2 protein chains.
Amino acid sequence: MERFKDVLKANNLKSTHQRLAILDCIDTYGHIDIDAIYDTVFKKYPSMSKATLYRNINDLISFHILEEVKLPNQKQQYEIRKIPHIHLLCKNCAKVEDFFVETHSLMETITLNSGFTISNSFIVMNGTCKECKV
Amino acid sequence: MERFKDVLKANNLKSTHQRLAILDCIDTYGHIDIDAIYDTVFKKYPSMSKATLYRNINDLISFHILEEVKLPNQKQQYEIRKIPHIHLLCKNCAKVEDFFVETHSLMETITLNSGFTISNSFIVMNGTCKECKV
DNA sequence: TCCTAAATAGGACTTATTCTTATTTAAGTT
DNA sequence: AACTTAAATAAGAATAAGTCCTATTTAGGA
């Protein structure tokens with residue numbers, strides 16, 4: 001929790017209960033959509049309005065504290081910003097797993113052949129996780 | 001246009017004017033969001049309702065004739081389904097470019113190290129296109 | 001403890017999407 | 001070419017998602 005206070009302070013944002021609860025919730029779940037955040041935080045702060053949630057999500061994204069996670073055929077999810085990584089999505093159980101892998105050579109190939117200067121990438125791999133395999 | 005009639009027929013879907021206009025529009029633009037599709041098709045068929053557009057987009061996706069294109073910080077776009085490819089998004093001019101590149105070795109690395117069985121991937125590279133570079 | 005800019009609550013408002021039903025149409029059959 | 005019918009559409013109601021407004025509250029520095 002303290003780490004989020006520091007992050008907020010570093011961005012001149014006040015550490016309100018709502019904000020901390022939102023960050024804590026997203027951190028706990030790893031990847032979560034807006035309704036699930038609302039349900040979770042609402043249990044702790046029943047007075048919190050949806051407007052507050054939406055506003056905070058948007059603010060935290062623009063301060064690069066949160067990041068969108070866009071998965072195929074799913075509602076948008078959110079995660080705490082961390083070291084660049086890709087997402088593995090299990091088609092069976094819908095679990096989302098972070099995975100750290102070097103993508104430089106792929107980016108280089110693309111840069112060389114496309115003329116694009118690539119700064120960052122968003123990669124989702126769709127498949128079946130260990131647990132769901134027979 | 002004939003090719004779309006064939007695709008629809010192969011899926012037992014009727015070739016309505018609206019459907020063909022939607023497919024033609026998406027094909028022309030390459031990547032386009034729902035409002036832009038509406039504006040374009042509406043010019044040709046002012047009687048078309050939004051419900052028809054939404055219904056068709058969803059149906060065409062479930063028949064794998066269309067695919068979602070989810071880009072960072074943007075409204076969802078749609079494209080005609082084609083050979084697997086990745087998307088290059090220019091941060092400057094917002095242009096979306098299709099790019100064909102071999103991703104097997106990356107997928108293999110991930111499979112080996114994660115235990116996931118990967119079936120397909122969604123890759124977006126964010127950067128600056130040729131034309132927007134100085 | 002005081003002060004003030006920032007943040008929240010709550011509801012109004014707007015935009016996005018889906019649902020419902022009467023009407024129309026594509027396309028196969030005669 | 002007319003007939004038939006299941007599929008598709010139009011139009012608007014209904015619902016869901018997201019933003020805006022403003023009076024009140026609060027975090028956090030002095």
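Since the structure is predicted, the reported quantities are computational estimates derived from the model, not experimental observations. Below, read A as the first sequence line, B as the second, and so on, with proteins coming before strands; counting in each chain starts at 1.
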With A/Ile22 as partner, the option from A/Asp27, A/Thr40, A/Ile57 fulfilling side-chain contact (heavy atoms from CB on, under 4.5 Å) is A/Ile57

Can you tell me the distance, in whole Å, between the CE atom of A/Met48 and the C1' atom of C/dG11?
-> 16 Å

B/Ser49 or B/Lys14: which one's nearest nucleotide on DNA chain D is closer to the 5' end?
-> B/Lys14

A/Lys75 atom NZ is separated from C/dT18 atom P, nearest whole Å, by 12 Å

Tell me: CZ of A/Phe63 to C1' of C/dA6, nearest whole Å?
-> 12 Å

Does B/Thr16 put a side-chain nitrogen or oxygen below 4.0 Å from OP1 or OP2 of D/dA8?
-> no

Any link between A/Ile61 and B/Leu71 through a network of hydrophobic side chains (Ile, Leu, Val, Met, Phe, Trp, Tyr) touching at under 4.5 Å?
-> no

Which of these, B/Gln74, B/Gln77, B/Glu97, B/Glu79, sits in a side-chain hydrogen bond (donor to acceptor under 3.5 Å, both in side chains) with B/His31?
-> B/Glu79

Does A/His17 have a side-chain nitrogen or oxygen under 4.0 Å from the phosphate oxygens OP1 or OP2 of C/dA7?
-> no

OP1 or OP2 of C/dA9 sitting under 4.0 Å from any side-chain N/O of A/Gln18?
-> yes

Euclidean distance, atom NZ of residue B/Lys50 to atom P of D/dA16 [Å, nearest integer] | 19 Å

Between B/Ala51 and B/Leu13, whichever has its closest DNA chain D nucleotide further toward 5' is B/Leu13

When you get a sec, tell me which of C/dT17, D/dA10, D/dA27 is the closest nucleotide to the side chain of B/Tyr54?
-> C/dT17

Closest-nucleotide ordering on DNA chain C, the 5'-leading residue of B/Lys9 and A/Asp59 | A/Asp59

When we call it a touch if two heavy atoms are under 4.0 Å apart, what does A/Arg55 touch: a base, just sugar-phosphate, or nothing?
-> base

Between B/Asp24 and B/Lys44, does at least one N-O distance fall below 4.0 Å, as a salt bridge requires?
-> no

Length of the CD1-P vector between B/Ile57 and C/dT17, whole Å | 11 Å

Has A/Asn12 got a side-chain N or O lying under 4.0 Å from the OP1 or OP2 atom of C/dA6?
-> no

Tell me: CD1 of B/Ile37 to P of C/dT17, nearest whole Å?
-> 11 Å

Side-chain atoms of B/Asn58 come closest, of C/dA16, C/dT18, C/dA9, to C/dT18

Is the side chain of A/Ser119 donor-acceptor paired with the backbone N or O of B/Asn126 at a distance under 3.5 Å, no angle test?
-> yes

Atom OH of B/Tyr78 and atom P of C/dA16 are separated, to the nearest Å, by 12 Å

How close or far is atom P of C/dT18 from atom CD1 of B/Ile61, stated in whole angstroms?
-> 10 Å

Comparing nearest nucleotides in DNA chain C, the 5'-proximal residue of the pair A/Ser47, B/Ile34 is A/Ser47

